[in-house]
There are 2 protein chains.
Amino acid sequence: MNVQFKKMKPLKSYQHVVDEIQAAICEGSIKEGEKLPSEMKLKEMFDTSRGTIREALRVLEHKGLVSIRTGVNGGARIQGANTKPMTDSVAILIRQQKVSLHHLAEFRKMMEGHISEQAAKNADKNDIKKLKAILESAAAHIETKPSGWKEFHEMDAEFHRTLAMIAKNPLLEANLTAVHDNIQIYFHQYLPWSETLLNDNFKDLCDIAAAVEQKDPAAARRIAEEHVEKFNALMEKNLE
Amino acid sequence: MNVQFKKMKPLKSYQHVVDEIQAAICEGSIKEGEKLPSEMKLKEMFDTSRGTIREALRVLEHKGLVSIRTGVNGGARIQGANTKPMTDSVAILIRQQKVSLHHLAEFRKMMEGHISEQAAKNADKNDIKKLKAILESAAAHIETKPSGWKEFHEMDAEFHRTLAMIAKNPLLEANLTAVHDNIQIYFHQYLPWSETLLNDNFKDLCDIAAAVEQKDPAAARRIAEEHVEKFNALMEKNLE
DNA sequence: ACTGATTTTTTGATATGACCATAAAATAAA
DNA sequence: TTTATTTTATGGTCATATCAAAAAATCAGT
């Protein structure tokens, strides 16, 4: 007896509905933006009850595969790929105290280093233009003499997201977004504000952009890692 | 008008139930393994209908926070943190064709390199013992003259998971598991089997373990990266 | 008293039907 | 043509009934 049989657990009927619809979405029978039939129609198509259909739709909604609206012309619409489920699953790990700021920061450092390196390898002229545009609006913001991180952090996040796009790996993009979304609260709580620090932060971004423009992957990686490391050290000090 | 107000969308009532229960789990009011009240009791506690409670439980179940059983003493039990939601969200990205083998492999290479490096920094004697135990059972398996990858891949995966544990970052563990789970199908389909390749693979693992034991992070990283790179190149060639 | 079958009981799974809330679309009024 | 009103399709919520699963309690036979 060397074979392993799978436990024979009869599928719950809502799960059957989920599987069918998910398969249809993935294989492209239903395209992004299109509407699923109404709950009543689905109920008849699957020959089941409305409650079952609703449980299935709830699950699909939380998987980020459909979004549901009420009213005439409402219903479940197929959503394009979405990083929210990934952000959520990271968030759960954090809230369950399995993942600390230290873990997040280490993971982020690894990704930002890699992303910058890849970006430096891949970037074309158009990509460079995008990065510079973000830096310009960040510079403009600094001119207004801000007294907090909030707006700057948004541009900072956009800068890093753009780098991830240039690195051309959606897995990196999704994970980076998840980490950014979840590290935010630590920024707000533990990163002291000072104009010096703001300028320092801005300078790092410029240096990364420059290394990317000069197609110097090693430098891009090093600067990005040091950048993340620096701010992480600051936060961890204030965390104690 | 510079302020942005959040759109006032009244919470759906099932969402309220989800939020409350999730909060209770995260702040520890309900501990792992404990049972939530039955649907009927919850229905009364939240003063709502059973359907609403069931939608909420379905969502919590798919978030991996509770597992539900029927029968006497059944009901929703709190589950410990779980990498399944993360594996799922990666799987969805893949099925939606947003993530290719190339993306997976690149991400994996980055992680395995980093993990091996960290493991080499952190490993204590006990950790080394665990790694060696896995290598021994792999060696024993090779002796039996296998004719396919299946069992070896399981040990391979366990080896890498153990490294991730030694690296002591649950985010890395979760992501590595997610990537492994999803790259499996490519292994089975595109990795040709040969005894030479098997031995080659095994040797890589031994080399990584040795580098970890000698606390040589740089070497551990390099070997791990080359290891992943090699098998990735093989698969990509067969993919065309 | 132990063992194995049977019944009970708790709890989830599914089905049905009713009514409310929302929002787009159609219609009427200005 | 614009604005207010009504209509209507669709999801959101509630209540009730019955089926199915499985642990626990009971019972029967040795």
Side-chain angles (χ1 to χ4, degrees), chain A residues 5-22 24-25 30 32-79 82 84, chain B residues 5-22 24-25 30 32-79:
Chain A
F5 296 111
K6 269 185 210 157
K7 199 189 274 178
M8 168 70 162
K9 52 175 169 184
L11 225 13
K12 284 177 209 164
S13 55
Y14 89 90
Q15 186 66 52
H16 173 245
V17 176
V18 169
D19 291 348
E20 290 269 319
I21 295 180
Q22 182 166 328
I25 294 174
I30 322 174
E32 197 173 319
E34 280 185 348
K35 237 182 67 178
L36 248 48
S38 70
E39 291 181 355
M40 286 308 270
K41 298 231 182 84
L42 286 171
K43 168 192 131 137
E44 277 154 32
M45 290 165 74
F46 284 102
D47 189 27
T48 180
S49 74
R50 210 184 143 202
T52 300
I53 296 292
R54 284 181 61 77
E55 286 182 28
L57 290 177
R58 271 286 105 74
V59 170
L60 290 168
E61 190 182 29
H62 269 77
K63 280 191 176 191
L65 289 172
V66 305
S67 72
I68 300 176
R69 291 192 330 207
T70 61
V72 175
N73 227 318
R77 280 187 168 69
I78 310 303
Q79 273 218 314
N82 199 327
K84 191 159 174 304
Chain B
F5 297 110
K6 269 185 210 156
K7 198 190 270 179
M8 165 71 162
K9 51 174 169 184
L11 262 242
K12 285 177 208 162
S13 55
Y14 89 89
Q15 186 65 52
H16 173 246
V17 176
V18 169
D19 291 348
E20 291 268 317
I21 295 181
Q22 182 165 328
I25 294 174
I30 321 174
E32 198 173 319
E34 281 184 348
K35 236 183 67 178
L36 246 49
S38 72
E39 291 182 355
M40 286 307 269
K41 297 230 183 84
L42 286 172
K43 166 191 134 137
E44 277 154 31
M45 290 165 75
F46 284 102
D47 189 27
T48 179
S49 76
R50 227 187 126 197
T52 300
I53 295 294
R54 283 182 61 78
E55 286 183 26
L57 290 176
R58 270 286 106 74
V59 170
L60 290 168
E61 190 182 30
H62 269 76
K63 280 192 174 189
L65 290 172
V66 305
S67 73
I68 300 177
R69 291 189 333 207
T70 60
V72 175
N73 228 321
R77 280 187 168 65
I78 309 302
Q79 277 219 312

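Within every chain, numbering begins at 1; the chains are lettered A, B, ... in the order of the sequence lines, protein sequences first and strands thereafter.
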### Task
May I ask you to say what Gly51(B) touches in the nucleic acid, namely base, sugar-phosphate or nothing, with a heavy-atom cut-off under 4.0 Å?
nothing

### Task
Please work out if Thr70(B) contacts a base, only the sugar-phosphate, or nothing of the nucleic acid, heavy-atom cut-off 4.0 Å.
sugar-phosphate

### Query
What is the nucleic acid contact for Arg50(A), judged by heavy atoms within less than 4.0 Å: base, sugar-phosphate only, or nothing?
base

### Query
For Thr48(A) and Lys41(B), take the nucleotide of DNA chain C holding the closest heavy atom to each; which residue's nucleotide lies nearer the 5' end?
Lys41(B)

### Query
Taking OP1 and OP2 of dC14(D), is either one under 4.0 Å from a side-chain nitrogen or oxygen of Thr52(B)?
yes

#### Entry: Nucleotide dT10(C), atom C1' - distance to CG of Leu36(B) in whole Å
16 Å

## Note on the structure
Rounded to whole Å, the OH-P distance (Tyr14(A) to dC19(D)) equals 23 Å

### Lys84(A) NZ: over 12 foreign heavy atoms closer than 6.0 Å
no

### Query
Closest to the Arg54(B) side chain: dG11(D), dT14(C), dA23(D)?
dT14(C)

### Task
Round to the nearest Å and state the distance from Arg77(A) atom CZ to dG11(D) atom C1'.
12 Å

### Message
With a 4.5 Å cut-off on side-chain heavy atoms, are Leu42(B) and Val17(B) touching?
### Response
no

### Shortest side-chain distance from Ser49(A), nucleotide among dG12(D), dT16(C), dA24(D)
dT16(C)

#### Entry: Whole-Å gap separating P (dC14(D)) and CD (Glu39(B))
15 Å

### Task
Quickly work out the Ile68(B) CD1 to dA21(D) C1' distance and round it to whole Å.
14 Å

### Task
Report the C-alpha distance between Asp19(A) and Leu11(A) in whole Å, list the side-chain angles of each, state the deciding distance to 0.1 Å, and finish with yes or no for side chain to side chain contact (heavy atoms under 4.5 Å, CB included).
CA-CA 10 Å; Asp19(A) 291 348; Leu11(A) 225 13; 4.2 Å; yes

### Query
Lys35(B) NZ to dA23(D) C1': how many Å, rounded?
11 Å

### Task
Step by step, work out the side chain to side chain contact (heavy atoms under 4.5 Å, CB included) result for Phe46(B) and His16(B).
CA-CA 9 Å; Phe46(B) 284 102; His16(B) 173 246; 4.3 Å; yes

### Query
Leu57(A) near the nucleic acid: base, sugar-phosphate alone, or nothing, with a heavy-atom cut-off under 4.0 Å?
nothing

### Query
Could you go step by step and tell me if Glu61(A) and Glu55(B) meet the side chain to side chain contact (heavy atoms under 4.5 Å, CB included) rule?
CA-CA 11 Å; Glu61(A) 190 182 29; Glu55(B) 286 183 26; over 6 Å; no

### Separation of atom NZ in Lys43(A) from atom P in dA13(C), rounded to whole Å
20 Å

### Query
Could you state the CE-C1' distance from Met40(B) to dA17(D), rounded to the nearest angstrom?
11 Å

### Task
Considering just the side-chain nitrogens and oxygens of Arg58(B), establish if one lies under 4.0 Å of OP1 or OP2 belonging to dA13(C).
yes

### Message
Of the options dT11(C), dT8(D), dA23(D), whose atoms approach the side-chain atoms of Val72(A) most closely?
### Response
dT8(D)

### Task
Compare side-chain N and O positions of Asn73(B) against OP1 and OP2 of dA24(D) and report whether any pair is under 4.0 Å apart.
yes

